[in-house]
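Here's the structure we're looking at; comments come further down.
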Amino acid sequence: TLGGYSDFMSKEIAEQPEAIERLLKGRLGEHGIEMDELDMTDEDLARIDRIYIVACGTSYHVGLIAKTMIEHWAKVFVSVEYASEFNYSDVLVTDHTLCVIVTQSGETADTLSAARRLKGMGCKVFAITNVLGSSAARESDGTLYIQAGPEVAVASTKAYTAQMVAGALLALRLALACGQMTRAEVEKVFRELEKVPDAIREVFRRSWQDKQAVPLFRDAQSALYLGRGTSSTTAYEGALKMKEIAYVHAEAYPAGEMKHGPIALIQPGFPVLAVVPADHVHDKTVSNIMESKARGARIVAVATDGDEQVANLADHVLWVPQMDEYVVPIVAVVHLQMLARYVALAKGLDVDKPRNLAKSVTVE
Ligand code: M6R
């Protein structure tokens, strides 16, 4: 039930901090990250030399973030694949390849087919899912339930952020097993993850910032979403939300690719949303904002508290608290979920049931 909320999407957005708290609870043990669900020993984990993460839609974006975390912390090569493409392409598995499927519903046909294919090739399959007893859970060797509670709105919100946290836990578990991080280093990152729920609550208190940006998108035919590094994924996910519920053609690009084509779209008044938190590629994205502005773009930026440079360049800023750059995507995306919802509401659209879409896609 809606329990006082006007739509399921707003309810599910609001449930994110508690979902993440539940998922993190009891995960940091004496020896590191507790993840019995993996059903693999440290020796098994240390042997993994390649990981395929296979998923669709928003869950695919979780895969992109998980890749960044696993490669950064555990130093294991990861390939992230769209399940619908993966099933018809060559797959290069080794004797020690792990397959990770990410699927909120656990019933997405393409994702299940990919898992079956990899299993048939001898890979261990690990599922990150929300639905207890789903096909993904039944068919995998191990399952990490994100325990986010039922997600009813077609646009995935709380499953996205909780699945990212699950990806982080997996990455840290691997990093320890592979000897790439010490228990103390893992604990430091874990403490950053523990800050996420309150940081999201802080973003909720700033929802007026998203409301103020609505006029830039409400009548727009098209918009560009830009980001680099971990923020490119936030741009992809934010653009997907804007497309699917507000029907604005939002195209996401790694900020550095803009000069290779999309910049031709920019004319005076064109909306550009730049995800530019304080991180090691911040200044590069700032120069992309300048290039867009010089051509008349209206800029909405997601930036870290205190960033005066971005404040001076942007028409609107969606502020996020200071966070680790591998953790900030879990917080920054919440602004983009709220922005898409406000734009959809301003257009009189049904945010829970966008046209042409089903909650789970059970045909290939
Ligand atoms: O249940 P799944 O996570 O496997 O679903 C995958 C996609 O269908 C899903 O994320 C879809 O992209 C959402 N509508 C995005 O909001």
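Quick note: numbers below take in every heavy atom, side chains included, and nothing from hydrogens, waters or symmetry partners. By convention here, the first residue in the shown sequence is residue 1. Atoms within each ligand, like the ligands themselves, are counted from 1 in listed order.
For the side-chain hydrogen bond (donor to acceptor under 3.5 Å, both in side chains) with T161, the lone residue among Q337, E237, E15, Q16 that qualifies is Q16.
Remark: the backbone N or O of T103 is paired with a side-chain donor or acceptor of T129 at under 3.5 angstrom. Side-chain N or O atoms of R218 include none that pairs as donor or acceptor with a backbone N or O of V343 at under 3.5 Å.
Nearest approach of G63 to V80, heavy atoms of both residues: O-CG2, 3.5 Å.
Side-chain contact between T285 and S231 is absent, with no heavy atoms from C-beta onward closer than 4.5 Å.
The contact shell of ligand 1, taken as protein residues with any non-hydrogen atom closer than 4.0 angstrom, comprises C56, G57, T58, S59, T103, Q104, S105, T108, V154, A155, S156, K241, E244.
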Only distances under 3.5 Å count here; give the side-chain donor-acceptor pairs of residues 196-203 to other protein atoms, sequence neighbours excluded, each with its distance to 0.1 Å.
from	atom 1	to	atom 2	distance (Å)
D198	OD1	R201	NH1	2.8
R201	NH1	E21	OE2	3.1
R201	NH2	E18	OE2	3.3
R201	NH2	E21	OE1	3.2
R201	NH2	E21	OE2	3.1
E202	OE1	R205	NE	3.0
E202	OE1	R205	NH2	2.8
E202	OE2	R206	NE	2.9
E202	OE2	R206	NH2	3.1

